[in-house]
Engineer: 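Dumping the structure here so I can ask a few things about it.
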Amino acid sequence: MSVEVLYETKAKATGGRDGVVETLTGSFKTKLTTPKELGGAGGAGNNPEELFASGYAACFIGAMKFVGSQEKIAVPADTSITATVGIGPRSEGGFGLEVALEISVPGMDKAEAEALVAKAHEVCPYSNATRGNIDVKLSIV
């Protein structure tokens, strides 16, 4: 599979889960803290799962808007997605992720929203990157 790259960005992590991540442009920088559930101190800061959840939710709405533009479907401006990302040990060894996307499309017929979401799941880069690797559950709320 090849990708015609239209945009790329770079981010740097220092110190792992208890360090700092930042974009090389300087537009984003945050302190990382390992959650208590994963053996860390918790407290102020973010973790990679929060960043992944945020990115996936935003990107999926972008995919919905892309599909909507192709099919002349108006995606409501107040469409929102709550992404839940779970991490834990895999039965095969190592660690794995699971994702649940709760998609709110106010004012849209549920069947139309489900069809839009299914098509968005086929074009979203995060969905394509995770397909076959991470269990992703989609629900219209």
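Quantities reported herein were computed from a predicted structural model and do not represent experimental measurements. Because only heavy atoms are used, hydrogens play no part in the values below, and waters and symmetry mates are left out as well, while side chains stay in.
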Engineer: Could you grab the distance from atom CG of Leu116 to atom NZ of Lys65, nearest 0.5 Å is fine?
Structural biologist: 12.0 Å
Engineer: Got a second to check how far Leu138's CG is from Phe60's CZ, nearest 0.5 Å?
Structural biologist: 5.0 Å
Engineer: Look at atom CD of Glu8 and say whether more than 12 heavy atoms of other residues, nucleotides or ligands are closer to it than 6.0 Å.
Structural biologist: no
Engineer: Looking at Val67 and Val123, what are the two nearest heavy atoms and their distance?
Structural biologist: CG2-CG2, 3.8 Å
Engineer: Looking at every non-hydrogen atom in both residues, tell me the closest pair between Ser127 and His121 and how far apart they are.
Structural biologist: OG-ND1, 2.8 Å
Engineer: Can you list everything that forms a salt bridge (charged side-chain N to carboxylate O under 4.0 Å, His left out) with Asp135? Sequence neighbours excluded, please.
Structural biologist: Lys137
Engineer: Taking the hydrophobic residues Ile, Leu, Val, Met, Phe, Trp and Tyr, and joining any pair whose side-chain heavy atoms are under 4.5 Å apart, which ones share a cluster with Val21?
Structural biologist: Phe28, Leu32, Leu51
Engineer: Going by the rule salt bridge (charged side-chain N to carboxylate O under 4.0 Å, His left out), which residues pair with Glu71 if we only count those two or more places apart in sequence or in a different chain?
Structural biologist: Lys119
Engineer: Does this structure show an ion pair linking Glu49 with Arg17, if we count only N-O contacts that are shorter than 4.0 Å?
Structural biologist: yes
Engineer: Who passes ring pair (Phe, Tyr, Trp, His ring centres under 6.0 Å) against Tyr56, sequence neighbours left out?
Structural biologist: Phe52, Tyr126
Engineer: Please report the closest heavy-atom contact between Met64 and Val75, naming both atoms and the distance.
Structural biologist: O-CG2, 3.6 Å
Engineer: Are Val99 and Leu38 in one and the same hydrophobic cluster, where Ile, Leu, Val, Met, Phe, Trp and Tyr link if side-chain heavy atoms are under 4.5 Å apart?
Structural biologist: yes
Engineer: Report the distance from atom CG of Leu24 to atom OG1 of Thr9, rounding to the nearest 0.5 Å.
Structural biologist: 7.5 Å
Engineer: Could you check whether Thr14 and Lys12, counting side-chain N and O atoms only, form a donor-acceptor pair closer than 3.5 Å?
Structural biologist: no
Engineer: If you link ILVMFWY side chains whenever their heavy atoms are less than 4.5 Å apart, which other residues fall into the same cluster as Phe95? By chain and number, please.
Structural biologist: none
Engineer: Has the side chain of Thr33 got a donor or acceptor atom that lies under 3.5 Å from a matching backbone atom of Ala44?
Structural biologist: yes
Engineer: Looking at every heavy atom in both Ile134 and Glu98, which two are closest together, and how far apart are they?
Structural biologist: CG2-CA, 3.7 Å
Engineer: Can you name the salt bridge (charged side-chain N to carboxylate O under 4.0 Å, His left out) partners of Glu122, sequence neighbours left out?
Structural biologist: Arg131
Engineer: Can you give me the closest heavy-atom contact between Pro76 and Val105, atom names plus distance?
Structural biologist: CD-CG1, 3.6 Å
Engineer: Can you tell me how far the CD1 atom of Ile81 sits from the CD atom of Glu102, to the nearest 0.5 Å?
Structural biologist: 10.5 Å
Engineer: So, taking the atom named CD1 in Ile87 and the one named CG in Leu97, what distance separates them when rounded to the nearest 0.5 Å?
Structural biologist: 5.5 Å
Engineer: Taking atom NZ of Lys31 as the centre, does the number of heavy atoms from other residues, nucleotides or ligands within less than 6.0 Å exceed 12?
Structural biologist: yes
Engineer: Show the nearest heavy-atom pair for residues Asn46 and Thr30, with the distance to one decimal.
Structural biologist: OD1-OG1, 2.9 Å
